Amino acid sequence: MDEFPSKNVGYIYCVGTRAEEGGSPLVLNEINHYGRKDRIFLVHFRNVRGSLPTAGAFEEALLDDGDMNMFKILLELRKVGYNGCLNPDHVPMMEGDHPDLDGNWAHSNIGWSYGSVGFAYSIGYIKALLTALVEFEGRR
């Protein structure tokens with residue numbers, strides 16, 4: 001992006017994937033770096049426990065149950081002017097979910113579907129974070 005700057009080149013930035021590589025400090029630094037350049041086009045908003053450099057492994061977690069403080073991530077996104085989509089991604093299965101066993105999605109998160117309890121929980125959690133952000137900023 002630095003070699004060939006264009007307003008049409010940017011990232012689908014996956015918070016969880018980057019956290020797997022370096023935790024919250026890496027995520028916050030990258031959001032600041034690429035967000036200031038307006039190069040974050042979509043955010044995969046997810047949380048994980050563990051990282052490859054420190055634990056040699058990670059696991060998917062619900063937004064409120066991983067290593068990162070997702071409100072801090074949201075604050076950093078706001079600070080750099082991001083106003084795009086927050087897409088819950090890699091949502092863990094929860095009690096009561098009905099796995100999606102469609103063979104066309106065999107390489108996606110196993111059993112996950114948009115009708116899952118975890119997906120609904122994630123949407124509600126993101127909405128709550130956005131409401132808290134409005135209150136935090138005193139815009140109400």
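Since this is a predicted model, take the numbers as computed values, not measurements. We count residues from 1, following the sequence as given.
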Any side-chain heavy atom of Leu63 sitting closer than 4.5 Å to one from Phe45?
-> yes
For Arg39 and Glu30, run salt bridge (charged side-chain N to carboxylate O under 4.0 Å, His left out): C-alpha distance rounded to whole Å, both residues' side-chain angles, the deciding distance at 0.1 Å, then the answer.
-> CA-CA 10 Å; Arg39 294 297 178 253; Glu30 288 181 345; over 6 Å; no
Minimum-distance pair of heavy atoms, taken over all atoms of Ala19 and Val27 = N-CG2, 3.7 Å
What are the two closest non-hydrogen atoms of Val117 and Glu95, and how far apart are they?
-> CG2-O, 4.1 Å
Least distance between heavy atoms, Arg49 atom then Gly66 atom = CG-CA, 3.8 Å
Nearest 0.5 Å please: distance from the OG atom of Ser51 over to the CD atom of Glu21.
-> 8.0 Å
Less than 6.0 Å separating the ring centroids of Phe71 and Phe136?
-> yes
In Å, rounded to the nearest 0.5 Å, how long is the span from CE of Met70 to CG of Asn47?
-> 5.0 Å
Main-chain N/O of Pro25 paired to Asn29 side chain as donor or acceptor, under 3.5 Å | yes
Give, for atom NE2 of His44 and atom SG of Cys85, the distance between the pair rounded to the nearest 0.5 Å.
-> 8.0 Å
Before accepting this row, confirm whether a basic side-chain N of the pair Glu76/Lys79 lies closer than 4.0 Å to the acidic partner's carboxylate O.
-> yes
About how many Å separate CZ of Phe58 and CG of Asp67, when rounded to the nearest 0.5 Å?
-> 12.0 Å
Donor on one side chain, acceptor on other, Arg46 and Thr17, under 3.5 Å | yes
Between OH of Tyr82 and CD1 of Ile31, what distance do you get to the nearest 0.5 Å?
-> 10.0 Å
Is a side-chain N or O of Arg36 found less than 3.5 angstrom from the main chain of Asn32, in a donor-acceptor match?
-> yes
Could you list the residues that satisfy ring pair (Phe, Tyr, Trp, His ring centres under 6.0 Å) with Tyr11, not counting sequence neighbours?
-> Tyr34
Rounded to the nearest 0.5 Å, the OG atom of Ser122 sits from the CE atom of Met94 at a distance of 8.5 Å
In sequence, state the C-alpha distance, the side-chain angles, and the governing distance for Arg78 and Glu137, and then conclude on salt bridge (charged side-chain N to carboxylate O under 4.0 Å, His left out).
-> CA-CA 10 Å; Arg78 172 68 95 202; Glu137 293 177 333; 3.2 Å; yes
